[in-house]
There are 2 protein chains.
Amino acid sequence: MVSINPNSKVDEDLVKEKEAAFAEFIQRRGLKTTRQRNTIVSTFFRMKGHISVEELLVEVKKANPRIGYATVYRTLHLLVESGLVEERRFGDGLARYEGHSAVEHHDHMICLECGMISEFYNPRLEALQEKLAEENNFEIYRHRLELYGACKDKEACQARKKQKEARAQGA
Amino acid sequence: MVSINPNSKVDEDLVKEKEAAFAEFIQRRGLKTTRQRNTIVSTFFRMKGHISVEELLVEVKKANPRIGYATVYRTLHLLVESGLVEERRFGDGLARYEGHSAVEHHDHMICLECGMISEFYNPRLEALQEKLAEENNFEIYRHRLELYGACKDKEACQARKKQKEARAQGA
DNA sequence: TGGAATACGAAAACTGTTTTCATTACCGAA
DNA sequence: TTCGGTAATGAAAACAGTTTTCGTATTCCA
Ligand SMILES: [Mn+2]
Ligand SMILES: [Mn+2]
Ligand SMILES: [Zn+2]
Ligand SMILES: [Zn+2]
């Protein structure tokens, strides 16, 4: 298993690279470069984690309070189309976006007690999926694997887990 | 890989069993037995596949046209709480429910060209996930694995796939 | 069988997201 | 540079799926 660098600093050079890649995408598609898109994109790439629209908007507004939801949504769609960002949904009903360390595929473990999201990648798991698809005459475009559970090494998470169990007993 | 019986007839005895289990759950929770719940539950267990609320409501209305959305939603929640039914979301924005062959865990392959959803279960895959969780100090409550792609053996799916590729080229 | 506790159904409310539409900004051609 | 057509913006309305509300009807036990 390869655990993915959980506390990486946002690398300024990498950010610049992504911004350039997005600019190029905009060109290629014949779209226009705008102040708002630049603000949103550069804000996004400087944040880390799995970012919701709301979270992004809050940051964006610090740079330019006039930017609204619509433009953030629209720009995120462009980022996804450009391939620089991926959309995730972890079952809490809101879309989350990630791009800083990404592009490389990875899967997720989500702690339902503390909300922590950690990333992992395992080649054997990937290969096994391919094999299963093969056997089923299926061609995989992409996949999604999410493990939902609890941190074993955080006391708070274990405590909450036990609380829930007790409550379930009573019900 | 174990492919899961894709064309199973709905087994009348099994349905009765599930209905009884639900009735028992209702008792245990001090809730009331109602005409509507009975209709919804027995309709649900007689359908197969991954059923949306809309789809279920259509069937339910055939038995009792006065039953509305709210009661269907409420009853589905109870079915989920009872453990007899699982909620799924395959990314098209609507909740789907399954219970007929289920309770046993399985994962899904979803064809993005024709909408086909097939089920599979592989013990090695399951074991590998456990191992990865273990290594990460993580305790899995449940997981979700979905392979999105295309049927290799359906001409229509392959044709659509190529259309998309061509379109993407042009853009 | 009376009556409190539940459940029902229609409609309103909600949430996250998308669309509309009037206005403004971009940018290549002149 | 300026112009002008095209694209983008932002506020607000629309949307889709789901949940809640609230007045009425049903269940079921004392
Ligand atoms: Mn991630
Ligand atoms: Mn299934
Ligand atoms: Zn945790
Ligand atoms: Zn297909």
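In what follows, chains are A, B, ... by sequence order, proteins preceding strands, each numbered from 1. Please read all numbers here as calculations on a predicted model, not as lab measurements.
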Separation of [X] atom [atom1] from [N] atom [atom2], in whole Å?
{"X": "I26(A)", "N": "dC26(C)", "atom1": "CD1", "atom2": "P", "value": "13 Å"}
{"X": "I40(B)", "N": "dA7(C)", "atom1": "CD1", "atom2": "C1'", "value": "11 Å"}
{"X": "L31(A)", "N": "dG28(C)", "atom1": "CG", "atom2": "P", "value": "13 Å"}
{"X": "R89(A)", "N": "dG16(C)", "atom1": "CZ", "atom2": "C1'", "value": "8 Å"}

Just checking, is any N or O donor in the side chain of Y141(A) or E113(B) under 3.5 Å from an acceptor N or O on the other one?
yes

The criterion is side chain to side chain donor-acceptor pair (under 3.5 Å); which residues satisfy it with D92(B), sequence neighbours excluded?
R96(B)

Ordered by number, residues from residues 32-39 of chain B within less than 4.0 Å of DNA chain C (heavy atoms) are K32(B), T34(B), Q36(B), R37(B)

Tell me which residues in residues 68-82 of chain B lie within less than 4.0 Å of DNA chain C, going by non-hydrogen atoms.
G68(B), A70(B), T71(B), R74(B)

Quick one: are L78(A) and F22(A) in side-chain contact, heavy atoms under 4.5 Å?
yes

Below 4.5 Å, heavy atoms only, C-beta onward: do L56(B) and M47(B) meet side chain to side chain?
yes

Test of understanding: with salt bridge (Lys or Arg N to Asp or Glu O under 4.0 Å), list the residues that count as partners of E146(A), not counting sequence neighbours.
R144(A), R144(B)

Tell me every residue that passes salt bridge (Lys or Arg N to Asp or Glu O under 4.0 Å) with E12(B), counting only those two or more places apart in sequence or in another chain.
K16(B), R46(B)

Identify, residue by residue, the members of residues 52-67 of chain A with a heavy atom below 4.0 Å from DNA chain D, and return them in order of residue number, or none.
R66(A), I67(A)

Is there a donor-acceptor pair closer than 3.5 Å between any side-chain N or O of Q158(B) and the backbone N or O of E155(B)?
no

Quick check against the 3.5 Å criterion: does Q36(B) have a side-chain atom that pairs as donor or acceptor with the backbone of T71(B)?
no

Closer than 4.0 angstrom, basic N to acidic O: yes or no for K62(A) and E59(A)?
yes

I'd like to know if K161(B) and E139(A) make a salt bridge, using a cut-off of under 4.0 Å between side-chain N and carboxylate O.
yes

Q27(B) or Y97(B), whichever maps to the more 5' nucleotide of DNA chain D
Y97(B)

